[in-house]
There are 4 protein chains.
Amino acid sequence: MSDQDSIIEEFFEEEKDGLTDKQKKIIAAAIESFSEKGFAATSTSEIAKKAGVAEGTIFRHYKTKKDLLLSIVVPMMAKFIAPFVINDLNKVLNTRYENYEDFLRAMIENRVIFFKNNLALFKILFQEIPFHPELKKLFKEHLAEKVYERFTELIHYCQAEGQIIDLPPYSVVRLTASTIFGYIIGRYLLFPEEDWEDDLEIERTIQFIMHGLSPR
Amino acid sequence: MSDQDSIIEEFFEEEKDGLTDKQKKIIAAAIESFSEKGFAATSTSEIAKKAGVAEGTIFRHYKTKKDLLLSIVVPMMAKFIAPFVINDLNKVLNTRYENYEDFLRAMIENRVIFFKNNLALFKILFQEIPFHPELKKLFKEHLAEKVYERFTELIHYCQAEGQIIDLPPYSVVRLTASTIFGYIIGRYLLFPEEDWEDDLEIERTIQFIMHGLSPR
Amino acid sequence: MSDQDSIIEEFFEEEKDGLTDKQKKIIAAAIESFSEKGFAATSTSEIAKKAGVAEGTIFRHYKTKKDLLLSIVVPMMAKFIAPFVINDLNKVLNTRYENYEDFLRAMIENRVIFFKNNLALFKILFQEIPFHPELKKLFKEHLAEKVYERFTELIHYCQAEGQIIDLPPYSVVRLTASTIFGYIIGRYLLFPEEDWEDDLEIERTIQFIMHGLSPR
Amino acid sequence: MSDQDSIIEEFFEEEKDGLTDKQKKIIAAAIESFSEKGFAATSTSEIAKKAGVAEGTIFRHYKTKKDLLLSIVVPMMAKFIAPFVINDLNKVLNTRYENYEDFLRAMIENRVIFFKNNLALFKILFQEIPFHPELKKLFKEHLAEKVYERFTELIHYCQAEGQIIDLPPYSVVRLTASTIFGYIIGRYLLFPEEDWEDDLEIERTIQFIMHGLSPR
DNA sequence: AATGAATGAGGATTCATTCAT
DNA sequence: AATGAATGAATCCTCATTCAT
């Protein structure tokens with residue numbers, strides 16, 4: 001399934017823009033450096049060296065250093081959101097999933113793999129969002145609006161079915177999202193080197209959410 | 001209660017080093033700039049201007065720009081952790097709180113206010129931790145070890161009492177912490193401008209955790 | 001009369017080298033940019049964009065940026081000087097003009113139109129001469145020597161006829177040229193947007209010179 | 001007389017801003033380089049080297065390279081214009097000079113020396129005016145308005161006295177100025193290395209203007 | 001002939017830091 | 001203690017020019 005690929009490879013394979021070989025190297029080097037040291041602390045000369053190209057080559061493809069950042073971060077936001085908007089949630093609503101629990105399980109599996117494969121990109125995204133208003137805006141528009149909207153529909157449906165407690169959707173979203181992101185962040189960013197029994201932890205996470213949201 | 005003060009003021013009042021007036025202004029200016037633009041993207045000249053001091057003055061007090069960062073971030077980590085280590089958790093174990101729910105409530109009230117009063121500092125902390133190994137180490141030692149240890153004791157106690165489900169403590173900590181931080185981040189960082197019914201949301205959050213952790 | 005054409009068009013039509021279409025566009029773009037921003041401040045990529053050709057194409061035709069400048073400026077110096085050397089002055093000396101005044105009138109009409117049609121080129125020429133010794137040398141050789149020589153002959157003739165005062169020819173040339181160039185510069189470079197009664201001003205200019213040079 | 005000093009020295013001595021030693025060296029180096037190679041073709045590193053300061057030092061005193069240009073060119077425009085506005089013309093109108101000829105003689109002596117002492121500055125001024133709209137504007141406001149106005153008064157006076165022909169003042173100004181600038185440019189910029197009998201040439205120039213403007 | 005990707009030297013400017021006052 | 005002028009390395013970016021296609 002294409003969702004499981006790393007975005008970086010998708011960049012290089014799917015994109016019709018036909019990225020040059022050098023462009024691919026630049027992108028890869030930039031992702032590595034940005035995620036390790038942060039955007040502001042990464043110099044273009046460093047990226048050039050790592051990519052094995054001349055510094056000028058970077059600026060032939062990306063007008064500014066910031067353009068390079070955006071060319072990395074913007075498509076990834078789209079990729080992240082795509083399945084919510086197009087596939088999975090539709091499936092849920094189309095009764096492919098009978099209930100919130102199955103949905104959660106499908107989503108976690110799907111998006112967790114996505115995160116895992118794109119860790120560096122996510123680090124960049126979350127590090128830089130606070131400092132770039134355009135990114136913040138994009139993020140809100142995409143995630144807070146498109147994804148949230150779809151989520152809301154699902155929640156209403158599950159609430160109507162009596163599967164989950166009758167809280168305002170935004171609270172349900174917040175509690176669900178917190179728990180899932182908490183897992184991802186702990187698992188892949190904070191303590192990636194610990195031993196994690198992934199299947200077990202995911203199951204615990206799902207049960208925690210389901211019980212937390214169970215009608216009283 | 002001193003926990004409710006902003007750390008910045010505590011810096012200035014409690015510290016025995018006896019900060020000069022200029023030093024205070026430098027710290028305040030640095031906090032503002034670092035949290036707005038990030039450490040790497042903030043120049044010392046900018047801080048000097050904002051603080052109303054000469055550029056050289058900063059370096060009289062802090063050998064390097066990074067020293068300035070650490071002088072801000074390190075004490076705040078200590079302050080954040082202090083109550084866990086010294087007061088509240090002890091109180092819990094000393095049976096001042098009868099159960100996990102009361103503890104959660106007390107902790108949220110206590111630490112949420114702390115966050116709220118020190119938002120800028122937290123932004124800096126979380127932004128910079130990934131890029132400074134010393135910070136990461138400090139953070140892990142303090143939080144992951146000291147706080148986690150205390151938490152574990154409490155969890156064992158509550159599990160023994162049958163209040164919460166018998167999961168491994170690290171899972172309980174993870175799920176609890178995710179949910180609480182999720183609230184704080186949503187409330188104060190992502191969507192601070194939305195209308196939040198704080199008491200209600202906090203109650204929902206607590207109930208979510210309690211049900212999520214209830215013994216099956 | 002071909003003198004009245006713009007040099008640029010002459011470039012394109014008369015030149016035996018047979019300029020390609022692209023070459024014409026490059027020259028036109030270069031003239032525009034050089035005259036607006038100066039040679040040093042104009043980039044070849046800008047010229048390429050304006051000309052609608054690839055950056056490399058410029059260097060296929062002109063080895064260096066400076067070559068491009070020279071290919072513009074050198075032929076124009078020749079064109080400017082040509083009539084002095086070949087046509088008009090000969091005509092004067094061949095008694096087609098009876099006196100200095102008629103000559104002045106003819107020259108102003110002739111060369112003023114030439115200036116007007118080639119303003120951009122003249123701006124480039126006068127801007128760049130001070131910075132390019134080869135240009136300076138060319139200019140002196142052509143103008144200061146060939147034109148000056150012809151002028152001198154005419155002046156001697158007119159002085160012998162008692163039409164103008166008996167100053168050294170270089171003074172006569174200087175005073176005449178200053179006045180005429182003063183008109184052209186004021187008219188077309190400094191204050192082109194003012195209302196000018198051209199015929200009247202030209203007549204005043206001629207009368208000023210004639211009276212200024214009248215034998216006492 | 002202070003008008004006869006070079007502006008550069010005045011910069012350094014009279015200015016109350018109290019220029020640093022380094023600043024003086026920067027200005028001197030910039031004037032030399034700008035006048036030799038043009039503003040755009042001069043690099044800040046070159047100026048720094050010539051001035052014997054670090055490149056950063058330039059930017060401590062002048063925010064941009066263009067600022068440096070303006071800090072050179074703007075005060076000189078003021079200096080050039082000052083005597084017209086304040087001293088000499090007033091003197092003329094206050095009957096210190098009886099006629100246009102005496103005025104011309106005084107002005108040429110006065111301003112020619114000024115030019116001679118500030119050749120490099122004038123080269124810069126005239127080279128750069130076409131490319132910097134602010135300069136162009138300043139120039140027009142100062143010269144075209146203030147000086148021109150004063151000139152006009154004088155011309156009206158001399159015309160009323162019957163000393164000069166009854167042309168529109170702008171024509172008189174143009175013809176006078178062309179002739180004088182023509183002398184200066186020829187003398188100091190185009191052919192400075194020729195032998196010039198200065199007194200004689202100036203007298204010829206004055207006589208040319210006076211006869212050129214004599215009432216018919 | 002024409003392209004445009006690639007280069008790397010050099011551009012203006014900013015930076016953290018030093019030091020004489 | 002405090003200043004702010006001075007530094008020069010490093011920043012992002014532009015440039016004229018080359019060369020494989």
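Just so we're on the same page: letters track the sequence lines, and every chain starts at 1. Keep in mind that this is a model prediction, so the values were computed, not measured.
In the helix from dA2(E)-dT21(F) to dT21(E)-dA2(F), the rotation axis of the first five pairs and that of the last five pairs differ in direction by 0°, rounded to 10 degrees.
A heavy-atom distance below 4.0 Å to DNA chain F is reached by none of the residues of residues 32-50 of chain B.
Protein atom CG of Leu69(D) is 15 Å distant from nucleotide atom C1' of dA12(E), rounded to whole Å. Atom NZ of Lys65(D) and atom P of dG10(E) are 16 Å apart (whole Å). Counting to the nearest Å, the P atom of dC12(F) and the CG atom of Asp67(A) are 14 Å from each other. In this entry the distance linking CZ of Phe59(B) with C1' of dT18(E) reads 10 Å, nearest Å.
More than 12 non-hydrogen atoms from other residues, nucleotides or ligands lie less than 6.0 angstrom from NZ of Lys66(A). Atom NZ of Lys49(D) has 12 or fewer heavy atoms from other residues, nucleotides or ligands within 6.0 Å.
Every residue was checked against the salt bridge (Lys or Arg N to Asp or Glu O under 4.0 Å) condition with Lys63(C), not counting sequence neighbours, and none meets it. Not counting sequence neighbours, the partners of Lys37(A) by the side-chain hydrogen bond (donor to acceptor under 3.5 Å, both in side chains) test are Glu46(A).
At distances below 3.5 Å, not a single donor-acceptor pair connects side-chain atoms of Thr57(C) with backbone N or O atoms of Val53(C). Of the possible donor and acceptor atoms, none in the side chain of Lys140(B) sits under 3.5 Å from a partner among the backbone N and O of Leu135(B). The backbone N or O of Ala30(B) sits nowhere less than 3.5 Å from a side-chain atom of Ser33(B) that would complete a donor-acceptor pair.
Residue pairs meeting the ring pair (Phe, Tyr, Trp, His ring centres under 6.0 Å) criterion with at least one partner in residues 19-74 of chain C, sequence neighbours excluded, are Phe34(C)-Phe39(C), Phe39(C)-His132(C).
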Practice task
Go through the steps to decide whether Ser45(D) and Glu55(D) satisfy the test side-chain hydrogen bond (donor to acceptor under 3.5 Å, both in side chains), and finish with yes or no.
Solution key: CA-CA 6 Å; Ser45(D) 80; Glu55(D) 207 170 346; 4.8 Å; no
Handout entry: Letter per nucleotide, 5' to 3', of nucleotides 1-7 of chain F [B base touched, S only sugar-phosphate touched, - untouched; heavy atoms, 4.0 Å]
Key = -BBBBBB
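Residue Leu119(C) holds its CG atom at 12.0 Å from CD1 of Ile31(C), rounded to the nearest 0.5 Å.
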